[in-house]
Structures are given as C-alpha cells and as structure tokens.
Amino acid sequence: MTTLITNIQELLQVRDTNILKVSGKDMKQLPTIKNAYLLIDDDTIVGYGYMEDCKNIEADTVIDATGKVVLPTWCDSHTHIVYAGNREQEFVDRINGLSYEDIANRGGGILNSTEKLQQTSEDDLFEQSVKRLKAVMKLGTGAIEIKSGYGLTVEAELKMLRVIKRLKQDFPLKVKATLLAAHAVPKDYKDNKDGFVDLVINEMIPKVAKEQLATYIDVFCEKGYFDLNDTERILKAGKSHGLIPKIHVNQFNAFGGIEVAVKNQALSVDHLEELNESDIAMLKTGNTMPVALPSCSYFLSIPYTPGRQLIDAGLPLALASDYNPGSTPSGNMNFVVSTACIKMKLTPEEAINAATINGAYAMGISAMYGSITRGKKANIIITKAIPSYAFLPYAFGDNHIDTVMINGQIV
C-alpha cells in the first residue's frame, strides 16, 4: 500500500542523513522543502522532494496537501497517562492558596492518585487510559513514553505496567514503558523510606525485568521524596537488571541530582525548572538529554525550564507533556510547543526540533522516529491550510491538525 502526498506547502524536519539529536545552535536549523511531495510505502517513508521532481510516481492513495504543512508526529517522552480518576479538587485548592507541597503533606498529590489506582481494576484502568491515548494520537503524538508510579505496591506497579504493555500491543504508535516506583513514599512506609527503597530494589525491579515490562528506570529525585543516595541506589539496581536510567530532577530544588544522572548515564533528565551553572556544566560532560515540561510550569505556576540558557550553552533540549492527573492534565503537544515559544523563548524551529527528533532521542527511538528520513516510520502530521509553520505555535488556541498518520495509516 503506497501513499503519495503532493503539493505540500512545506515539508518539515527533512534529514537526508539520519541524526539522533540536535544541540545548541543547530536547534535553530529546521531543514525543510517547499512545494514538496512525500512518498510512503506501507509504514515507511521511502521518498520525498520537490513537486517538480514528482513525475511518473504512482501510488494507491494520493493526498493533496495544497496550502498545508507536513511534519513528523510529536514524540512525547514523558507522560503518566495510565492513572485512575482525576484530581480537580486539588486544582481548586491551589487556586485557593495551597501549594503543591501543602497538598502532598495532607495526603493529596501522588498519594491521592495511588489510592484511586490501587482500588481500580486492570481492565478499568486500561479503558480509562485508552481514551487518553486515542485523544493524544489525534493531537499528533506518534510516539509516547508512559511511566508507572501511581501504584507504589508491587502488585499495583505491575498492574500499571501490564496496562502499558496492553496499550503497546493494541495501538499503532510507539509506546515505551518506564518503571517509576520511586515516585513517592507510600503511607505504609511513611517512617521507613529505606524500607520502601529496599522493596523497589529487591522486589519490584527484578519482577519487572523478569516480565520485561519496562525499558527504563526512573526516580523522583526531590527534597521530601527521594534523595541522592536513594536515587543512586535505585538507578544502579535498575541498570543491573538491564533498565536504562532516567530521572525526574530539579523540579523544585537543585541539589545535585543532575550529577547523579550524568554519572549513571541517564538517557534523560526531566523537569529542570530549577537549574544552576554547575548543572549545565555537568550536562555538557555527558549525553543525557534535558527534557522541559512547560505545560507543567503553566499549570502549577512554577518557573519554566531555562531552555534558552541550555540551548545557548550548546546543549540539546527535548519537550514533553508530563500528562498526569496532578500537575499537567493534558497531553496536547501542540500546546507544549506553543508554550515553549511563548514562555521559554524558544524559536519555532527549536521547539519543533525539541518535540520531534530530540523527543525521540529521549525515548531511545530517534533511529526510526522524529524526522522525515528515508527508512524511518511514516508517522506524520498534515496540518490544515496555514500561512507557515510559525503559525502552529503562534495561534496556540486552535487545533491546526487536519490528518495524523501513524505507520502510514490515517488515525
């Protein structure tokens, strides 16, 4: 089954030679072809170029994209979309003056979601998650990482990861799973954090590895949650079972988590709302991808990741949604890209690079996703008729997507 898209106003993120990520000043460069065509064979990109060279190309399906922009689907490398229920009351509490920490200290936050999830059956949890996954696919997400972390018991964490596995099997988009058991200290271990860390290391990680339920191991490294020693212990235990490290770090405090991440060859460090010069210097010594979550900053009214500073220092940057019930109840990557431009002062080129090729790198999948490259998966967005690609982040309140294709099939 071949599909030919013709008369494309502008084809974005065209990489003749596959690259895995873009960094620093290169993020300002977004290679494009104007008045272009794109040829897809089954689930693979096989050709592209200028319309004047699109002669004698036959295809089973032809799509006319006159006036439209075509780009790779968003690669959302940080979500928690497998959760039960919602936390809209906490949203009201924050409006009335309570902080994220205040809510957590009185039993809200992550522990609120944990209680709901533990009481929810696997099938119910799956059905709730399916609705969210379908919604983000229609909004242009073609690859997604989903983290556990609302179970906090062996049984409930495994339940979450089995739901993620079912989503991976039932839907065409690329799904990567992460064990984030160290998301919060559960009530039963309130005065025995070390005991919970031992549970994660000695029971959860081996069982997850045995069932091959996750690719990554993650920790919420933050004051009041898991300290540097806890983080290092968990990451090393994960690595010993073949799990690749990632870290939630520097969301509220900068106290050395970046160094732990880089020394343990973490694939990504996510949040980074609080950042200092030594953190930036440390990131420059490794290959760890900084990941910003601007819609989380928007929702919680906390500082934005200093993405401009990271890029100007020569580093790469990825953007992700952080879709979760407490701090970002949205997986709309179009809004993420807009917010990065509006609040973090990224250029449209930088933001699109961050949400495509660099997002793919943060999931370890940029060899096959994140750019328009021959041999890569045909995961693409066709916009509605728009003046230019800068219009995507500019007109942030509207949905500019006309068609989403994943593995060469229209969603």
Are T383 and K68 close enough that a side-chain donor and a side-chain acceptor fall under 3.5 Å?
no
Identify the residue among K246, K174, K176, K168 that makes a salt bridge (charged side-chain N to carboxylate O under 4.0 Å, His left out) with E145.
K246
Any side-chain heavy atom of D42 sitting closer than 4.5 Å to one from T44?
no
Side chains of L243 and I205: closer than 4.5 Å at any heavy-atom pair?
yes
Apply side chain to side chain contact (heavy atoms under 4.5 Å, CB included) to the pair T153 and Q118, showing each step before the final yes or no.
CA-CA 8 Å; T153 65; Q118 289 174 355; 3.4 Å; yes
Is it true that the side chains of E101 and N105 contain a donor and an acceptor less than 3.5 Å apart?
no
Exercise: do T356 and N353 side chains pair donor with acceptor under 3.5 Å:
no
Side-chain donor-acceptor contact under 3.5 Å, N253 with E222
yes
Going by distance alone, is a donor N or O of one side chain under 3.5 Å from an acceptor N or O of the other, for N332 and N334?
yes
Given side chains that start at C-beta, do those of L111 and L152 come closer than 4.5 Å, heavy atoms only?
yes
Shortest non-hydrogen pair, F226 vs V219, comes out as CB-CG1, 3.9 Å
Do Y189 and D198 have side-chain atoms, one donor and one acceptor, less than 3.5 Å apart?
no
Does any donor atom in the side chain of N18 or K376 lie under 3.5 Å from an acceptor atom in the other side chain?
yes
Side chains of H78 and H271, donor plus acceptor under 3.5 Å
no
Polar side chain donor-acceptor pair, T328 to S330, under 3.5 angstrom
no
Assess the side chains of S371 and Q13: does a donor N or O sit below 3.5 Å from an acceptor N or O?
no
Just wondering, more than 12 heavy atoms not from F91 lying within 6.0 Å of its CZ?
no
Verify the distance criterion only: is there a donor paired with an acceptor across the side chains of S113 and R87 at less than 3.5 Å?
yes
Got a salt bridge between E122 and R166, using NZ or NE/NH1/NH2 to carboxylate O under 4.0 Å?
yes
Counting only heavy atoms not in K384, do more than 12 fall under 6.0 Å of its NZ?
yes
Considering only heavy atoms from C-beta outward, does the side chain of I311 approach that of L346 to under 4.5 Å?
yes
For Q212, does the CD atom have more than 12 heavy-atom neighbours from other residues, nucleotides or ligands under 6.0 Å away?
no
Counting C-beta onward and ignoring hydrogens, is there a side-chain heavy-atom pair between M160 and K147 closer than 4.5 Å?
no
Verdict with reasoning, Y37 to Y50, per ring-ring contact (aromatic ring centres under 6.0 Å, His included):
CA-CA 6 Å; Y37 75 90; Y50 293 99; 9.1 Å; no
Should we say atom NZ of K193 is surrounded by more than 12 heavy atoms from elsewhere, each under 6.0 Å from it?
yes
Could you tell me if the side chain of P72 sits less than 4.5 Å from the side chain of I372, heavy atoms only?
yes
Atom NZ of residue position K28 - does it have more than 12 heavy atoms of other residues, nucleotides or ligands inside 6.0 Å?
yes
Does the ring of F126 carry R162 above it, NZ/CZ under 6.0 angstrom from centre and within 45° of its axis?
no
Per the ring-ring contact (aromatic ring centres under 6.0 Å, His included) rule, which among F252, F220, F255 passes with Y225?
F220
Flag the pair M405 / I40 as yes when at least one side-chain heavy-atom distance between them is below 4.5 Å, and no otherwise.
yes
Which residue in the set I146, V136, T141 passes side-chain contact (heavy atoms from CB on, under 4.5 Å) when paired with T79?
I146
For I81, is there any backbone N or O sitting under 3.5 Å from a side-chain donor or acceptor partner on R132?
yes
Please step through side-chain hydrogen bond (donor to acceptor under 3.5 Å, both in side chains) for the pair T178 and D218, ending with a clear verdict.
CA-CA 7 Å; T178 298; D218 199 344; 5.7 Å; no
Crowded around K165 NZ? As in, over 12 foreign heavy atoms under 6.0 Å?
no
Under 6.0 Å from the six-membered ring centre of Y361 and within 45° of its axis: does the NZ or CZ of K21 meet both?
yes
Can you check salt bridge (charged side-chain N to carboxylate O under 4.0 Å, His left out) on K159 and E155, steps first, answer last?
CA-CA 6 Å; K159 175 169 64 178; E155 297 76 16; over 6 Å; no
Is R308 reaching over with its side chain to a backbone N or O of K345, donor-acceptor style, under 3.5 angstrom?
yes
Assess the residue pair L283 and V269 against the criterion (side chain to side chain contact (heavy atoms under 4.5 Å, CB included)); give the C-alpha distance rounded to whole Å, side-chain angles, the decisive distance to 0.1 Å, and a yes or no.
CA-CA 9 Å; L283 284 167; V269 281; 3.8 Å; yes
Backbone N/O of P294 and side chain of T339: donor-acceptor pair under 3.5 Å
no
Give a yes or no on whether K343 atom NZ has more than 12 heavy-atom contacts from other residues, nucleotides or ligands under 6.0 Å away.
no
Hey, are Q265 and K239 close enough side-chain-wise for a donor-acceptor pair under 3.5 Å?
yes
Closer than 4.0 angstrom, basic N to acidic O: yes or no for K131 and E127?
no
Begin from the C-alpha positions of Y369 and N379 and carry the test side chain to side chain contact (heavy atoms under 4.5 Å, CB included) through to its verdict.
CA-CA 8 Å; Y369 298 86; N379 287 15; 3.5 Å; yes
Only one of Y298, F396, Y323 passes ring-ring contact (aromatic ring centres under 6.0 Å, His included) with F335; say which it is.
Y298
Check the pair D102, R94 against salt bridge (charged side-chain N to carboxylate O under 4.0 Å, His left out), reporting the backbone distance first and the verdict last.
CA-CA 9 Å; D102 292 335; R94 275 198 304 278; over 6 Å; no
Distance-only polar pair, side chains of D123 and S121, donor-acceptor under 3.5 Å:
no
If we only count heavy atoms from C-beta on, is the V208 to L158 side-chain gap below 4.5 Å?
yes
E277 versus Q309, side-chain donor and acceptor atoms under 3.5 Å
yes
Donor-acceptor side-chain pairing of S148 and E157 below 3.5 angstrom
yes
